[in-house]
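Numbers restart at 1 for each chain; the letters A, B, ... are given by sequence-line order, proteins then strands.
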Amino acid sequence: MLLKVALPLPLEPMTYLPPHASPRPAAQALGYRVVVPWRGELRVGLVVGLEEGSHKSFALREAVAYLEPGPWLRPEDIGFLAQAARDSFCPLGTLLADLLPFLEPPLKHRVRLVPQADPRVLPKGLEALAQGWQEARGFDPKLLDFLREAGVLQEEVAEQRSAPQALRVLQEPPEELGEKAKVAWSALRDLGQAESMAALARAAGVGVGVVKGLLQKGYIGWVEGATQPEVPPARSLEPLPLPFLPLRLEGGRLGERIRALATLLQEGPALVLFPEVALLKRFQPFFPQALVFHGEMKPEERRRVWERVGAGGPASALCTYQGLLLPLRLRRIVVVEEAAEAYKLPGGSRAFVPRLARLRAECLGVSLHYWSAVNSLEARAEPALALPPPAPRLHLLDLRQERGWPLSGAALALLQQVQAKNRQAIVLSPRRGYSAVLRCKDCDWKAMCPNCALPLRFHKSGRVGFLQCHQCGYEQKAPALCPSCGSDVFDPRGPGVEWLWEALAQHLPTLPRYRYTAEAKDDLAPLLAGAPGVLVGTTAILRGPVLPELALVLLPFADGFILEADFRAAERYHRLLWQLADLHPRRRPLLALQTFEPGHPAHQALQKADPKGFLSLERAQRQALGYPPASRMVKLEVAHPKEPVARDAILQLAELLRPRAQPGELLGPAPAPVARLRGQYVFHLLLKGAEERIQALIAHLPPVRSARLRIDPDPQRFVGLLED
DNA sequence: AGCACGCCGACT
DNA sequence: GTCGGCGTGCTC
């Protein structure tokens, strides 16, 4: 019996002989984590298949050991994994690496020479192995592998379990210790323990250096086994009576959707998927009995959950994508906010989690439910239970008539009202592609990133301006004069956060301002305590805390969200507006939009407090153009550091595909919207059509020489920027 | 993904 | 004459 072992690498499973030292018959090894030799070192993989008989062309290596006494996944979980890899057009290992980033734990590894062996076989440097068990670390792995292959190495491997550690005070510091050090020491004494140096520094209001100093001098120290995972205090809720258990629920407020979920979970255990941890945590307090699994948990906590699931009883679980493979006994899978872009896996598979969830449900034979404020068009095939959405208070400011930019007189008046009533406001910037760009007014020169085909963004810290690429992080000082024509008439402008920030300072100097973007988050404590002020930021705000006195949400350049070369831009914008309308659990803040398109269907949908009209319009358009969900779309992406090489490769690929494709199935080739990324030139082709047609085209994809080809199985966004 | 092996330019 | 660029190919 041979083992098919999947490693978290972009490869198909490899074949190994079963570990000879294990009493477990290989026939039972399916789903086990196994340690195998790989390129002279040890790696952890997953047994995803068994093969009868012996192998032909090359000598197989022997697996070293199973990591646990029990399997990690069931046959149905592995079946799903294999099918999902096929659906994502990637090797099984790629998807394994994406879905189980915690598959490979640090290993405790000990070795010795087999007792019967002659110590003289030991090469120089390994003589100690004849003396008995040794830590493998410190020996040359290549030499160890030589002994392993020769069959004279005995090995013990196990997961390195790190007991949770915490900082505690160890001894009273002497009098002459610095003021700050004393403060930090007393803070730790009062706290009892701290999870990290940074946490203690924060709590004590000192720098991390102070804590380090205390640690070095031995007044505080790390102790084992102290910390407990943070569990939010449980909160009770009243399940929302439902006329039936819907496959698709939309509308209502977040609180109602949580209550409706409670009703659903009463009907049997479910896997509930969330696009991001922040949203999961808003549900968590109401489901204290459910398992929780996500990437912010410590390895130790995750291991405990996985073991509990493997041990058996049915249970519901709140998870991010990392929980998709949990071997749970389920009745259903629930996908919360299935249109969220955070569901796109950033790794090699580029899979889209809701699509994987559908496959998972099919493989397990359980029902799949979508649970969102506004369902995606993809989900709308299912019959819905529509809760009445909160009626948004919408105020459209027509930029064709309003004066003042970026903040019109009307917008300023609204902000003044907020201030007068001691309330809070949010000013939201699209930022993406439209934030401050350094542009010369005389010759139209623009500061560009030397690595990416993107304008550099202008930032200001104090009096110094600097330029930064938001894609690759490249940074330089802003030039004083235009490098092209020598003019000093620069115009660093755009409706980015910085500019709005300054405009607010100028027009409303007494209104307290706070910044909130993915990169820069101000301390919002005063706002959370109810103090008046305005929060300026990007859509990262949606994932931030709730402002208790929120009265106004202002989008100075709402059109910036629609102006993207992307067939989903309007749908995204529409969803954003509904999300903004539901930002506060009870209040209905005024949503003020500065726009050149007050008649946009998304605006009409909000005015009528009904998303259906917009969505059916959008759906009809997609249908007419043959875009998803009316078809399957797949993106082929070719990248190379040399522009002509990448161009030739994509042209050749398109030429070979064109005779096989039907009209409308092959779009492009075209340079990617960001034509140069991290020093690579990127071109893409889109395939769209019926599922079987796309499958057939990809199955016979001509090999791409000379450039790197990647397949995006479910492209969500065609402007691949990282920023918010 | 890493990592080794293999052919063509600027240098201790 | 070498060191080193990254193009190509392989990993059980």
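Here C:dC12 presents its C1' atom at 15 Å from CG of A:Leu50, a figure rounded to the nearest Å. Put simply, NE2 on A:His640 is 9 Å from C1' on C:dC6, counting in whole angstrom units. One interatomic measurement links the two molecules: CG of A:Leu95 to P of B:dA1, which rounds to 14 Å at whole-angstrom precision. Here C:dT11 presents its C1' atom at 11 Å from CZ of A:Arg61, a figure rounded to the nearest Å. Atoms CZ (A:Arg148) and P (C:dC12) sit 11 Å apart, rounded to a whole Å. Distance A:Leu92 CG to B:dA1 P: 16 Å, rounded to the nearest Å. At whole-Å resolution of the value, CD in A:Glu149 and P in C:dT11 are 13 Å apart.
Residues A:Glu655 and A:Arg658 have side chains not in contact (no heavy-atom distance under 4.5 Å, counting atoms from C-beta outward). A:Leu3 has its side chain within reach of A:Pro19: a pair of non-hydrogen atoms, C-beta onward, lies under 4.5 Å apart.
In terms of position on DNA chain B, the residue among A:Lys142 and A:Trp38 whose nearest nucleotide sits closer to the 5' end is A:Trp38.
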Report the C-alpha separation of A:Glu156 and A:His109 in whole Å, then their side-chain angles, then the decisive distance to 0.1 Å, and conclude whether the side chain to side chain donor-acceptor pair (under 3.5 Å) test is met. CA-CA 6 Å; A:Glu156 272 184 3; A:His109 184 200; over 6 Å; no
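Using a 4.0 Å heavy-atom distance criterion, A:Arg39 is classed as a base contact. At a threshold of 4.0 angstrom between heavy atoms, the contacts of A:Leu7 with the nucleic acid are absent.
Looking only at distances, a side-chain donor or acceptor of A:Glu62 sits under 3.5 Å from a matching main-chain atom of A:His20.
In the set C:dC12, C:dG7, B:dA1, the nucleotide with an atom closest to the side chain of A:Lys642 is C:dG7.
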